[in-house]
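Comments concern the structure below.
Whatever order the structure lists them in is the order used to number ligands and atoms, beginning at 1. Reckoned from all heavy atoms, side chains included, excluding hydrogens, waters and symmetry mates.
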Amino acid sequence: MFVDCIEQGPIRPPSEAASLLLRVTRHCPWNRCEFCHIYRGRRFEPRKAEEVKRDIDTLRDLASRIRDLSLQRGFGGTIHAALARHLGDTPRPYPEGARNLLFWMAGGARNVFLQDADNLALKTEKLVDILRYLRDAFPTVERITTYARSATLARKSPEELAALREAGLSRIHTGMESGCDTILARVQKGVTARVLIDAGRKVKQAGLGLSEYVMPGLGGKALTREHALETARALNEIDPDFIRVRPLKVLSTMPLFRRVESGEMELLGDDGILAEERLLIGHLDRFTGRLESDHVLNLLEEVEGRFPAARRPVLALIDRYLALPEGERAHFRLGRRTGFYRRLADRENPVLRAEVAAILRRVESGDPGGLDLYLSRQTESFI
Ligand code: SF4
């Protein structure tokens, strides 16, 4: 939920789409992962506590004006989405971002996501101070989450993590990407599997929620098996609340692109990535949280559910896709990447099917790179 009258960072996890975003630091203190281009060329900077508090004050004042508007326009103080149409007809104009803040309030003003990549790099007391200030300004807030690097989490003491939880921090989103040391070193993740596991366990022991992001495809064809098995092993040891699947997509702006161009790394296609996911999921035998495929890069977003109950149906779904004839898999991939399909069964809708078949004919007859190149271009806009 971007509110443009305060400073905002570039990204948030897909699961925080409806959360209010509050920028606490700028960019990433590591900035070397070869599959990541978000903060390239930008230096990490903690924001001053006063700056962040000024943004919280701006939001609180704006929220108070929105509540006044509700009273003036006969909504009795209730924040309803319909109130948004009154924002433009007041003597004192509202900033653009008021609309998004209003929608957040209408949804209960419950969730906040702190940007950017590694807020636990701040001194714990400073982050505790900001969290308390935020909770005081918005007492309805129930969940505050942030990204954090495992290397940073590993340096925090259990007492520091407990202090953050008590001040209101609820959940950490962290990028594991792989549990395979060879891959972690190759993509310059800056941590070993041991550090990832210890950091994840420490977060859970402190009573904080934990989302671990994994990146199918990151080992390329050569390391697909090691990637799947060692990532499953690390996840079993941590047993996070969420595993979030975010398949590799290499853009020319990423350092990894050079390895692919030179032939040093051979990428898996959609089907290879799903076969790898199948192997990983098949070995998640101690995971009791939720698996989510909530990034648009996932070909099968239905690969989700609470484990262990969801493991069998999820594997069956992947098997159903992989058992389709090649032409049918190509048809589904195109339908999914062009936004016509979300679920595997959407192929059975005759109207959607005809649309996708028409695009497929056009691509096959006109695009010199064929379907794979077309699909690759489609997914470039997803990140
Ligand atoms: S730690 Fe995260 S934000 Fe920083 S470079 Fe790696 S993937 Fe990108």
Here the gap from D129 atom CG to K123 atom NZ, rounded to the nearest 0.5 Å, amounts to 13.5 Å
Does ligand 1 have a heavy atom under 4.0 Å from the side chain of R32, from its backbone, from both, or from neither? backbone
N111 vs T145 side-chain heavy atoms within contact, under 4.5 Å: no
For R149, atoms of ligand 1 separated by under 4.0 Å from a heavy atom: 1 (S)
Below 4.5 Å, heavy atoms only, C-beta onward: do L114 and Y147 meet side chain to side chain? no
May I ask whether atom 6 (Fe) of ligand 1 is less than 4.0 Å from at least one protein heavy atom? yes
Before we go on, tell me: are the rings of W104 and F2 under 6.0 Å apart, centre to centre? no
Which protein N, O or S atoms sit under 2.8 Å from atom 8 (Fe) of ligand 1? C36 SG
P247 side chain near N298 side chain, heavy-atom distance below 4.5 Å: yes
Would you call D372 and R333 a salt bridge, using N to O less than 4.0 angstrom? yes
List, by chain and then residue number, the residues other than L256 in its hydrophobic cluster (Ile/Leu/Val/Met/Phe/Trp/Tyr, side-chain heavy atoms under 4.5 Å); write none if there are no others. F35, I183, V187, M215, L218, L223, L248, V250, F257, V260, M265, L267
